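Computed from a predicted model, the values in this text were never measured in an experiment. Each chain gets a letter, A, B and so on, in the order its sequence line appears, and its residues count up from 1.
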Number of protein chains: 2
Amino acid sequence: MLVNFNEQAEEMIRHTGGRITSCRVLVLGILLAEKKAISHHEIEERIGDDQPLDRVTLYRILEWLSKKGLAHKVISDDRKWRFRTNIYTGSHQHAHFKCSRCTTVICLSDIKTEYCWPLPPGYRSQEVELTVKGLCAACA
Amino acid sequence: MLVNFNEQAEEMIRHTGGRITSCRVLVLGILLAEKKAISHHEIEERIGDDQPLDRVTLYRILEWLSKKGLAHKVISDDRKWRFRTNIYTGSHQHAHFKCSRCTTVICLSDIKTEYCWPLPPGYRSQEVELTVKGLCAACA
DNA sequence: TAAAAATATGCAACAAAGTTGCATTAATGT
DNA sequence: ACATTAATGCAACTTTGTTGCATATTTTTA
Ligand SMILES: [Mn+2]
Ligand SMILES: [Mn+2]
Ligand SMILES: [Zn+2]
Ligand SMILES: [Zn+2]
């Protein structure tokens with residue numbers, strides 16, 4: 001199963017025209033295997049000690065995946081970035097949910113945030129961040 | 001004018017039953033004089049060197065003001081907390097706007113976030129964070 | 001109004017998350 | 001296989017926020 005994710009990751013990376021490196025395949029493979037948005041730290045946990053990957057490299061890979069549209073970054077109140085592959089959510093803007101007990105973050109792909117919010121005169125909207133916080137099904 | 005803010009600050013603090021200290025009055029006075037949410041760093045700037053105030057004390061005062069309902073914390077994508085007094089916005093949940101050029105953050109008191117967002121089965125909402133990002137009137 | 005009690009403040013040291021510069025290594029095109 | 005280009009690893013750093021504890025300030029009480 002993980003092999004399939006890695007093959008898929010490799011194919012996705014190839015499609016961008018960027019270099020196919022073992023680190024990128026590893027990280028994107030991990031993201032593809034997840035149903036939720038995961039943090040830098042969680043990715044490191046899943047990597048384990050077999051294939052050590054420098055913190056900085058991981059930051060750069062995640063940044064690169066975001067830039068290429070293969071993943072997106074989710075910002076949260078705990079000052080941790082989380083990442084989720086775009087293949088399930090599309091790249092449109094959507095809301096997120098964060099469980100205040102287990103800190104799980106999921107994409108609420110159905111809640112699109114492109115709605116035109118009323119702003120003071122002269123203000124222009126570019127992007128919207130909407131996070132619902134509460135308890136997930138497992139914690140409620 | 002600043003004197004008035006300080007008097008008002010003192011009165012607000014007295015009303016909570018907490019101790020009226022010069023540090024608390026100073027910080028709340030600064031918040032009262034602001035039309036936007038300001039960061040820890042911005043508060044320190046406004047204090048200047050006359051009345052030095054320890055970083056840690058400032059953190060604790062802002063936390064205390066929030067707990068007492070005199071101010072609220074605004075979370076943002078730059079990992080900085082910003083604070084705004086509650087007297088203009090009320091303490092209800094509302095959206096915020098962050099200018100992506102000058103980083104100004106304002107409260108959008110008219111946009112209440114208590115709307116019942118559709119969540120997956122079993123999920124429960126407690127709090128909603130909604131930030132519109134774009135250009136403010138001065139930067140647009 | 002002076003001492004006692006309760007609470008706030010300052011300082012030092014720390015922690016977590018992310019950034020930068022640069023030398024080394026690996027991937028790709030020829 | 002070699003040259004070129006881009007990715008990686010490492011060390012040092014920055015920013016933002018936290019913790020523990022001694023000292024100072026408020027408030028209460030006598
Ligand atoms: Mn998402
Ligand atoms: Mn606000
Ligand atoms: Zn949960
Ligand atoms: Zn602006």
Side-chain angles (χ1 to χ4, degrees), chain A residues 6 9-30 37-45 47 49-68 70-83 98 103 105, chain B residues 6 9-30 37-45 47 49-68 70-83 98 103 105:
Chain A
N6 280 6
E10 198 173 316
E11 185 50 36
M12 287 168 74
I13 294 166
R14 175 170 296 116
H15 195 256
T16 68
R19 287 196 180 176
I20 299 148
T21 69
S22 54
C23 295
R24 283 179 180 169
V25 173
L26 176 65
V27 173
L28 183 52
I30 288 168
I38 54 174
S39 67
H40 187 276
H41 189 68
E42 288 169 305
I43 294 171
E44 279 186 325
E45 279 176 357
I47 290 176
D49 302 329
D50 326 317
Q51 274 166 288
L53 179 59
D54 191 78
R55 279 162 33 76
V56 177
T57 304
L58 181 48
Y59 275 104
R60 294 199 267 232
I61 286 173
L62 291 167
E63 189 189 12
W64 185 86
L65 291 173
S66 304
K67 196 181 66 187
K68 292 297 182 182
L70 301 185
H72 65 280
K73 185 199 285 187
V74 185
I75 282 150
S76 161
D77 55 1
D78 56 11
R79 292 161 49 241
K80 283 178 196 166
W81 296 345
R82 289 176 178 78
F83 291 85
K98 170 143 181 273
T103 75
V105 172
Chain B
N6 280 7
E10 196 173 317
E11 186 49 38
M12 288 168 74
I13 294 166
R14 174 170 297 115
H15 195 256
T16 68
R19 288 197 178 171
I20 298 148
T21 68
S22 54
C23 294
R24 284 179 180 169
V25 173
L26 176 65
V27 173
L28 183 53
I30 288 169
I38 53 175
S39 67
H40 188 275
H41 188 68
E42 287 170 305
I43 294 170
E44 281 186 324
E45 279 177 357
I47 291 176
D49 301 330
D50 326 318
Q51 272 165 288
L53 178 59
D54 191 77
R55 279 162 33 77
V56 177
T57 304
L58 181 48
Y59 275 104
R60 295 199 266 232
I61 286 173
L62 291 167
E63 189 189 13
W64 184 86
L65 291 173
S66 303
K67 195 181 68 189
K68 293 296 182 183
L70 301 185
H72 66 280
K73 185 199 285 189
V74 185
I75 282 152
S76 161
D77 55 0
D78 57 11
R79 293 161 47 242
K80 283 179 196 165
W81 295 346
R82 289 176 179 79
F83 292 84
K98 169 143 181 275
T103 75
V105 172

Rounded to the Å, how far apart are [X] [atom1] and [N] [atom2]?
{"X": "Asp78(B)", "N": "dT15(D)", "atom1": "CG", "atom2": "C1'", "answer": "11 Å"}
{"X": "Leu62(B)", "N": "dA8(C)", "atom1": "CG", "atom2": "P", "answer": "14 Å"}
{"X": "Ile75(B)", "N": "dG17(D)", "atom1": "CD1", "atom2": "C1'", "answer": "13 Å"}
{"X": "Trp64(B)", "N": "dT7(C)", "atom1": "CH2", "atom2": "C1'", "answer": "11 Å"}
{"X": "Ile13(B)", "N": "dA8(C)", "atom1": "CD1", "atom2": "P", "answer": "11 Å"}
{"X": "Arg14(A)", "N": "dA27(C)", "atom1": "CZ", "atom2": "C1'", "answer": "12 Å"}

Asp54(A) side chain reached by Tyr59(A) side chain, heavy atoms, under 4.5 Å: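 They are not in side-chain contact.
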
May I ask you to verify if any side-chain N or O of Trp81(B) is less than 4.0 angstrom from the OP1 or OP2 atom of dT16(D)?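 No.
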
Indicate whether OP1 or OP2 belonging to dA7(D) is found under 4.0 Å from a side-chain N or O atom of Arg24(A).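 Result: yes.
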
Could you tell me whether the side chains of Glu42(A) and Ser39(A) share a donor-acceptor contact shorter than 3.5 Å?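 On atom types as modelled, these side chains qualify, holding a pair under 3.5 Å.
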
Taking the ring of Phe83(B) and the ring of His72(B), is the distance between their centroids below 6.0 Å?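 When the ring centroids of His72(B) and Phe83(B) are compared, they turn out to be at least 6.0 Å apart.
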
Of the nucleotides [options], which one has an atom closest to the side chain of [X]?
{"X": "Arg55(A)", "options": "dT8(D), dT19(C), dT9(C)", "value": "dT19(C)"}
{"X": "Tyr59(B)", "options": "dT18(D), dA17(C), dG9(D)", "value": "dT18(D)"}
{"X": "Arg79(B)", "options": "dT9(C), dA7(D), dG18(C)", "value": "dG18(C)"}

Quick check against the 3.5 Å criterion: does Arg24(A) have a side-chain atom that pairs as donor or acceptor with the backbone of Arg19(A)?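 At least one qualifying donor-acceptor pair exists.
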
Partners of Glu44(B) by salt bridge (charged side-chain N to carboxylate O under 4.0 Å, His left out), sequence neighbours excluded?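 Partners of Glu44(B) under the salt bridge (charged side-chain N to carboxylate O under 4.0 Å, His left out) test: none.
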
Protein and nucleotides 19-24 of chain D: nitrogen or oxygen contacts under 3.5 angstrom:
none

Rounded at 0.5 Å granularity, tell me how far CD1 in Ile61(A) sits from NE2 in His40(A).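 Spacing of CD1 (Ile61(A)) from NE2 (His40(A)) equals 9.5 Å.
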
Could you check His40(B) against Asp54(A) and say which one's nearest nucleotide on DNA chain D is further toward the 5' end?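 It is Asp54(A), whose closest nucleotide lies nearer the 5' terminus.
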
With a 4.0 Å cut-off on N to O distance, would you call Arg14(B) and Glu11(B) a salt bridge?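 Answer for the salt bridge query: yes.
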
With B for base contact, S for sugar-phosphate-only contact and - for none (protein heavy atoms under 4.0 Å), nucleotides 25-30 of chain D reads BBS---

